[in-house]
Undergrad: 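Have a look at this one before I ask anything.
Labels below follow one simple rule: chain letters A, B, ... track the order of the sequence lines, proteins then strands, and each chain is numbered from 1.
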4 protein chains.
Amino acid sequence: MRKPGSNGAQTLRNLRIAAIQLLSEHGYQAMNLRMLAGKVGVQAGSLYNYIESKQQLLFWLLQETTQKLLVEFDLTLNAIDDPEERLRQFVAFHLRYHIANRKQSSVLQTEMRSLTAKNYHAIAKLQRLYTDKVRGIIEHGARVGRFHVEDAEIATFAFLQMLTAIIRWYRPQGRLSLNQLVEIYTDLTFGMLRADDGAGTRRVALSEAPPRRRLRAITPAARRLPPADSDNDADLIAES
Amino acid sequence: MRKPGSNGAQTLRNLRIAAIQLLSEHGYQAMNLRMLAGKVGVQAGSLYNYIESKQQLLFWLLQETTQKLLVEFDLTLNAIDDPEERLRQFVAFHLRYHIANRKQSSVLQTEMRSLTAKNYHAIAKLQRLYTDKVRGIIEHGARVGRFHVEDAEIATFAFLQMLTAIIRWYRPQGRLSLNQLVEIYTDLTFGMLRADDGAGTRRVALSEAPPRRRLRAITPAARRLPPADSDNDADLIAES
Amino acid sequence: MRKPGSNGAQTLRNLRIAAIQLLSEHGYQAMNLRMLAGKVGVQAGSLYNYIESKQQLLFWLLQETTQKLLVEFDLTLNAIDDPEERLRQFVAFHLRYHIANRKQSSVLQTEMRSLTAKNYHAIAKLQRLYTDKVRGIIEHGARVGRFHVEDAEIATFAFLQMLTAIIRWYRPQGRLSLNQLVEIYTDLTFGMLRADDGAGTRRVALSEAPPRRRLRAITPAARRLPPADSDNDADLIAES
Amino acid sequence: MRKPGSNGAQTLRNLRIAAIQLLSEHGYQAMNLRMLAGKVGVQAGSLYNYIESKQQLLFWLLQETTQKLLVEFDLTLNAIDDPEERLRQFVAFHLRYHIANRKQSSVLQTEMRSLTAKNYHAIAKLQRLYTDKVRGIIEHGARVGRFHVEDAEIATFAFLQMLTAIIRWYRPQGRLSLNQLVEIYTDLTFGMLRADDGAGTRRVALSEAPPRRRLRAITPAARRLPPADSDNDADLIAES
DNA sequence: CATGAATGAGTTTTCATTCAT
DNA sequence: CATGAATGAAAACTCATTCAT
């Protein structure tokens, strides 16, 4: 039976949004298709007009999320050469992207374990591409003497995990604006990688209070980010 | 009927070890009690001689894990006053503890979402105690001018998440020794918090290659840690 | 919306052919209407322009198949009076018909169980007509002393089931031609019914090797059969 | 929960009997596990204490049935050398076995199509062994000049299918006793294979009414058959 | 204590069928 | 006529939990 006003494309969009919402909230195993169907506004069986299986739904979402991240990275950073500037822009990009797509990113972090082996490896491979790009930033800066790390690979892991963990606690309505957050993390990561933060020579002696650098104005990268994505997200399910 | 040689206390220990192993490998939802029973060497029904429910088992394990972490923190750090030394010892402690108790820590990080609301809040409250202790280290250092952070709360989150994420990738058999790992992370975090790392004044001018500090010898904290805990862990199930 | 070039009558023919194909391959329960629709080249919902229900489709096909068999029997055998000749022609007819309509016959044999009780009885009644005709051949031959069986009814069952089972193994591309097959079965059934096979007195003493009868030339019945029916059958679905 | 008086071994037996009953009546696809569970007297989920899956249940039953048939064949026929006697005993054995195990045999004939490819081939291989034994009987008799067939392979198929089809219509409560049935089929098959039926020279001239042979007394093979198997079978489910 | 047999509610998935467009 | 979106009932199977033995 066709419900009056039903529309496949819209239902598919609603399905995607509802799935991300539920996966981020409950996890793959705890989300059942009845919940999902309820949120989408159809019967559970109707979901199979759009997905092949629950597993394939998860795979699809994770793949899409990872691919989009890769594309956005390139759009944002490919044109920048200067190591510090690349680092600065990357920190801003990564934070803003993850906050704008908080639920998707959260699902990506926590639900990979629920993929079948084959699907897992496919996503892991995509994610490696991203990690490699980030390591490239750090290694390049280290090679030309602008960052100073003992082990670039480990620094990459530590750095990336620190940034990505942002979605565990940051809430846009909290006391910190997104710009402030970016500034603080830029400071932390520049220190971590012993990078010049653009405020010139710093801390002649550690025993005296160092002049805190002036925080730079909001980065241009911020403006290039696409509009906050579809997952932060009350009432996103369209009426049909 | 009772199996000859069965022993309640030993079975309980085996149950705990097997549960942590399975929870870290599969997650709460994907672990079923038949798997657990199989690993323990009893029938599923017999587990109920030791636990009230699957949920209560998870709660018990997470509570125990968190409490032990708190106790170890105090044993390791209460006697130290100097801010840099407290930071240094904390980094070493936290890394070593999480690596030694990798599976337990992993369960703690990933399975809290499977707790009922009431249980969740109980564990979250315990975890807050730990975070507060760590924030105390950073705030104290900042207050007395030894660390320089823009926002101590955020620095605490970033710092702690970076350290804790270690269990996502570090493997003791890998190319890095635990001591090396601790040194690298000490360097990263001291930079992040603009702390003196004990190598004197650093980087007078960022344009010249900075003298990398000499890595300090293995910290005493390492020796105080209890023997590697029960979760990394072949053949841990005792015969009964 | 109507596909250009679509044609109800042709679609109905395609539907019938596809249904027989799928029913013979998978059985009624395992064939689903999406498979059928796919083979016909329409959406599942469109099938309901041609059928009332899946059950009624099965009934329709079985009824048609049985009725056609009855008609062909009459066309082939009504004009023949001599008992041996009737038997001979019947064997040829039944084998050729079942081989030419292998899939339909197979569906008839195996899918009656999937009919509702009412539909089942309707088909069974038709089939009884056929069995009665065959029993007529045997009983008549026995009455006039040309066949010798202990129990005509049982002989009919045994005889008919033996012939019908041909579709379980005979493949036209195999080592036996259809003519050879008919000859062999004629021999077997004539022996079974102790009928004279047209080679005169046979086997005076069983201890000597009997002169095998000369196989008769291809029977006229073969030529009267309609062209091989629609079910053995690649590319039968017409373009529309 | 354990129901008072429940007993695994008895439940397994009941399950087997109920499954054969339902499979023969409805077929694999149309039998659902609720029906089966209902007949066994447990909840559907409880069946999985005894089976791995519905498919594996079918496989198990078919395998068991085929193996038992092979064993009984050997027990009944291995000691007999004379071709006519082997044939006679085989006819009696095959009919009696199939009637005694009517439902099992029926399931074997009709439900092989519901096996997965792998399972199908395993059973088909076992069944080939049986067919080969039967062909051996016919080929041997033909080689030594006691049977006269044009093509032993085809004769085997026709012969075996005719006998096996008995379960489609014979009912022990009907007008024919089992002994009578065996006699009739012995006569039919001896004729079919042009075998001496033990009544000496037969039918000197086909034009005169042949002296019908005297039916032999019930064969000893009948007595060797195990007691009628568990499938013909009202009220076979034991109370527990 | 431990087993093994069972429950019963839940899960994903399938599918004939309907009907607005 | 045909499509595509949906229903809703049923299927196989899972699993935490219970309890007589």
Undergrad: Ignoring the backbone of Ala44(A), work out which of dA6(E), dA12(F), dT13(E) is nearest its side chain.
TA: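 Among the listed nucleotides, the one closest to the side chain of Ala44(A) is dT13(E).
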Undergrad: Show me, pair by pair, the donor-acceptor contacts under 3.5 angstrom made by side chains of residues 41-48 of chain A, not counting sequence neighbours?
TA:
none

Undergrad: Rounded to whole Å, how long is the line connecting atom CE of Met35(C) with atom P of dT14(E)?
TA: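 Going from CE in Met35(C) over to P in dT14(E) covers 14 Å.
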Undergrad: May I have the distance from Leu33(B) (atom CG) to dA16(F) (atom P), rounded to whole angstrom?
TA: 4 Å
Undergrad: Determine the Euclidean distance between corresponding P atoms of dT21(F) and dC1(E); express it in Å to zero decimal places.
TA: 22 Å
Undergrad: Which residue, Ser46(A) or Ala9(B), contacts DNA chain E at a nucleotide closer to its 5' end, judged by nearest heavy atom?
TA: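 Its nucleotide being nearer the 5' end, the pick is Ala9(B).
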Undergrad: Just how far, in rounded Å, is C1' of dA5(F) from CG of Asn14(A)?
TA: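 Going from Asn14(A) (CG) to dA5(F) (C1'), I get 14 Å.
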Undergrad: Dot-bracket notation for DNA chain E is requested: 5' to 3', Watson-Crick or G-U wobble pairs only, both distances under 3.5 Å, with ( ), [ ], | and . as defined.
TA: .||||||||||||||||||||
Undergrad: Please round to the nearest 0.5 Å and tell me the distance separating atom CH2 of Trp60(C) and atom OH of Tyr50(C).
TA: 11.0 Å
Undergrad: Pull out every residue in residues 49-63 of chain D that has a heavy atom closer than 4.0 Å to any atom of DNA chain F, ordered by number, or say none.
TA: Ser53(D), Lys54(D)
Undergrad: Apply the side-chain hydrogen bond (donor to acceptor under 3.5 Å, both in side chains) test between Gln21(D) and each candidate in Lys103(D), Gln104(D), His26(D); give the one that qualifies.
TA: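 For Gln21(D), the side-chain hydrogen bond (donor to acceptor under 3.5 Å, both in side chains) check succeeds only for Lys103(D).
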Undergrad: Among dC15(F), dT12(E), dT3(F), find the nucleotide with the atom closest to the side chain of Arg34(A).
TA: dT12(E)
Undergrad: Any salt bridge (charged side-chain N to carboxylate O under 4.0 Å, His left out) pairs touching residues 45-66 of chain C, not counting sequence neighbours?
TA: Arg16(C)-Glu64(C)
Undergrad: Search all heavy atoms of Ala30(B) against all heavy atoms of Met35(B) and return the closest pair with its distance.
TA: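 Heavy atoms only, the tightest pair is O-SD, 3.7 Å.
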Undergrad: Would you say Gln43(B) places a side-chain N or O within less than 4.0 Å of OP1 or OP2 belonging to dG4(E)?
TA: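 Yes, such a contact exists.
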Undergrad: Less than 4.5 Å apart, any side-chain heavy atom of Thr11(A) and any of Asn49(A)?
TA: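 SC-SC contact between Thr11(A) and Asn49(A) ruled out.
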Undergrad: Would you mind writing out the side-chain donor-acceptor pairs for residues 115-124 of chain C within the sub-3.5 Å range, not counting sequence neighbours?
TA:
from, atom 1, to, atom 2, distance (Å)
Thr116(C), OG1, Asn119(C), N, 3.4
Thr116(C), OG1, Asn119(C), ND2, 3.2
Asn119(C), ND2, Gln55(C), OE1, 3.1

Undergrad: Is the shortest distance from a Lys or Arg side-chain nitrogen in Glu111(A) or Arg113(B) to a carboxylate oxygen in the other one below 4.0 Å?
TA: yes
Undergrad: To the nearest Å, how far apart are Leu36(A) CG and dT12(E) P?
TA: 10 Å
Undergrad: How long is the span from the CG atom in Leu61(A) to the CD atom in Gln56(A), to the nearest 0.5 Å?
TA: 9.0 Å
Undergrad: Do Leu36(C) and Leu57(C) make a side-chain contact, defined as non-hydrogen atoms from C-beta onward lying under 4.5 Å apart?
TA: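 In short, these two side chains touch, coming nearer than 4.5 Å.
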Undergrad: Which residues in residues 24-32 of chain B have a heavy atom closer than 4.0 Å to any atom of DNA chain F?
TA: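 Under 4.0 Å from DNA chain F: Met31(B), Asn32(B).
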Undergrad: Would you give the length of the straight line joining atom CG of Leu58(D) to atom CG of Leu23(D), rounded to the nearest 0.5 angstrom?
TA: 6.0 Å
Undergrad: Check whether any side-chain nitrogen or oxygen of Thr11(D) sits under 4.0 Å from OP1 or OP2 of dA6(E), and answer yes or no.
TA: yes
Undergrad: Taking the nucleotide of DNA chain F with the closest heavy atom to each, which residue, Leu47(A) or Gly45(C), is nearer the 5' end?
TA: Gly45(C)
Undergrad: Taking the side chain of Tyr48(C) as heavy atoms from C-beta outward, which of dA12(F), dA16(E), dT3(F) is closest to it?
TA: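 Selected nucleotide: dA16(E).
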Undergrad: Please name the pair of heavy atoms, one in Ile20(B) and one in Val107(B), separated by the smallest distance, quoted to 0.1 Å.
TA: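 That would be O-CG2, 3.8 Å.
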